[in-house]
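One structure is given below, encoded as structure tokens.
First listed ligand is number 1; within each ligand, the first listed atom is number 1. Start at 1 with the first residue, then count along the sequence.
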Amino acid sequence: MPATPQTIFVGVIGVGGVGKAFLGQLHHLSQRLSQANPPTDLRLILARRSNKQLFSESWQPLNISNVLRDLDQVTQPLLPLQETVDYLATAPGKVILVDNTSDPTLANSYPSLVRKGISVVTPNKKAFSDTYALWSDIFSGAANGTGSANNGYIFHESTVGAGLPVLSTLKELVETGDEVTKIEGVFSGTMSFLFNSFMPVSGSGGKFSAEVTKAKALGFTEPDPRDDLNGLDVARKLTILARLAGLAVESPTAFPVESLIPQALESCTSGDEFLQRLPEFDGQMEDLKASAAKEGKVVRFVGSIDVPAQKVKVGLEKFDASHPIAALKGSDNIINFYTKRYGSNPLIVQGAGAGAEVTAMGVTGDLLKVIRLLQ
Ligand SMILES: NC(=O)c1ccc[n+]([C@@H]2O[C@H](COP(=O)([O-])OP(=O)(O)OC[C@H]3O[C@@H](n4cnc5c(N)ncnc54)[C@H](OP(=O)(O)O)[C@@H]3O)[C@@H](O)[C@H]2O)c1
Ligand SMILES: *[C@@H]1O[C@H](CO)[C@@H](O)[C@H](O)[C@H]1NC(C)=O
Ligand SMILES: *[C@@H]1O[C@H](CO)[C@@H](O)[C@H](O)[C@H]1NC(C)=O
Ligand SMILES: *[C@@H]1O[C@H](CO)[C@@H](O)[C@H](O)[C@H]1NC(C)=O
């Protein structure tokens, strides 16, 4: 099969939870597109993980059904990233790279990737929430930024709210001339779960340390729960949203971010030691719960952007029991967009904000958008 103008080459880096789910969806998508009008020949030509990679030297497609097994059995040494990028850039057609890692090195190469004509689709927050200089470098090169039309496109819907349409909703509000005044919400599945069970609207709820231990046992936290409790993940997501709302936020540490790690436990050498000592601080959290309850409110860990005042912050806030943020369930995310058009009742996006399948859906949805732009 010679490469035709309708051939699009796809490389995937990272085959973890999201990567695997994505490959399943890619398989389905490539079959559907091969029968579409006009048909598109979507070819997987590269799969790479931290220590191995498999690529097609002939530009013929790798078999998506077997690629994980084949990647596992590969014996060639891993090529340096730069050589892999050069290989992709010589493909006889348009190339889309799916970055399914949380690797900052790869994120730093996005500006050069798009300038080589390679489009990037990714759930990796690193590139978009690092310095403002990196953000500007990416979007001054991207074809959907201010770069040349021959450069690559960049899509990152799943960096905020996984598969939920958060960034696309904000983009549409802004592009249709609405004025976004405030964005407020729960942006972390872990924080959502913790506070929905620590202080449910119905009353009661467990001790804070017990809820953290439970969340970890259920696999809702990072291996070291401090990586969730320090608020940085939420701060990265707020940085991305604020920039898309037009604020030149310098970095995720350039605005107030409340950490839930007691200062005395910052130096614990392991996540387990941290969990063991966390009960010493339950008293403080119980006081907070009691003071909110006295006002008929609940406590939630939220991020907010006040657009006209150019203020971003992340931390604990109290909400009336009737507020949509208070009534959130399980580990769901909720994002409230307050705009001129919507008045005092915000446009609300709500649902699962983590999980491999829904995140992969955000990635696959972006892939489809780029494919349409490249056709
Ligand atoms: N899971 C979610 O709910 C969710 C939601 C939103 C966003 N995200 C984002 O999606 C991305 C992937 O998440 P995940 O849950 O799929 O993570 P994961 O299960 O840890 O998988 C990460 C994958 O990246 C590979 N990798 C890491 N460093 C690499 C490098 N330097 N070069 C090549 N490959 C590398 C790993 O290789 P090995 O297989 O060899 O270890 C693994 O295949 C992350 O950026 C995450 O923040 C995830
Ligand atoms: C890429 O990441 C998305 C979102 O994390 C995930 O759903 C998908 O399975 C990943 N794809 C690959 C091939 O790793
Ligand atoms: C891919 O592998 C599967 C399972 O081994 C096989 O049934 C299928 O025919 C292969 N597809 C192609 C295009 O070779
Ligand atoms: C292009 O860039 C923006 C970021 O400015 C991103 O959110 C969007 O999904 C990308 N695609 C298009 C067509 O704008």
Side-chain angles (χ1 to χ4, degrees), residues 1-81 83-101 103 106 113 116-124 152-153 155 157-158 162-163 355-375:
M1 245 194 306
T4 68
Q6 306 296 356
T7 299
I8 293 177
F9 298 93
V10 178
V12 171
I13 306 191
V15 291
V18 178
K20 280 187 189 131
F22 169 79
L23 284 172
Q25 297 182 13
L26 182 64
H27 185 58
H28 179 81
L29 182 65
S30 73
Q31 285 185 332
R32 204 161 59 77
L33 291 180
S34 70
Q35 280 145 31
N37 185 18
T40 297
D41 171 17
L42 198 59
R43 293 190 192 178
L44 180 69
I45 50 163
L46 165 83
R48 176 178 170 114
R49 59 195 298 177
S50 57
N51 54 357
K52 288 178 175 188
Q53 87 169 12
L54 181 68
F55 65 100
S56 163
E57 290 180 76
S58 62
W59 308 114
Q60 292 305 308
L62 302 175
N63 189 328
I64 300 176
S65 315
N66 305 335
V67 75
L68 287 174
R69 188 198 67 198
D70 295 346
L71 180 60
D72 218 33
Q73 291 167 355
V74 145
T75 51
Q76 297 139 310
L78 183 71
L79 288 179
L81 183 62
E83 281 179 41
T84 296
V85 167
D86 292 343
Y87 153 79
L88 288 174
T90 58
K94 300 287 189 185
V95 178
I96 305 173
L97 181 65
V98 180
D99 170 13
N100 261 312
T101 73
D103 185 9
L106 189 54
L113 284 166
K116 285 178 199 286
I118 299 173
S119 295
V120 177
V121 167
T122 185
N124 183 351
Y153 292 88
F155 279 81
E157 178 67 78
S158 48
E357 284 292 340
V358 293
T359 308
M361 167 196 157
V363 175
T364 309
D366 277 351
L367 183 68
L368 203 47
K369 287 180 195 159
V370 178
I371 290 168
R372 289 191 186 123
L373 283 166
L374 292 177
Q375 271 170 344

Discussion item. Suppose we screen for ring-ring contact (aromatic ring centres under 6.0 Å, His included). Which residues come up paired with Phe55, at least two apart in sequence or across chains?
Written reply: Tyr87
Worksheet item: Any side-chain heavy-atom pair from Leu374 and Thr40 closer than 4.5 angstrom?
Response: no
Fill in: Phe155 side chain reached by Leu373 side chain, heavy atoms, under 4.5 Å
yes
Discussion item. Heavy-atom count check: over 12 atoms from other residues, nucleotides or ligands less than 6.0 Å from Glu57 CD?
Written reply: no
Practice prompt. Work out which heavy atom in Ala21 is nearest to a heavy atom in Glu357; give both atom names and the distance.
Written response: CB-OE2, 3.7 Å
Worksheet, complete the sentence: Close residues (non-hydrogen atom under 4.0 angstrom from ligand 3) work out to Asn63, Asn66
Worksheet item: Minimum heavy-atom separation for Pro61 to Arg43, with atom names?
Response: CD-CD, 3.8 Å
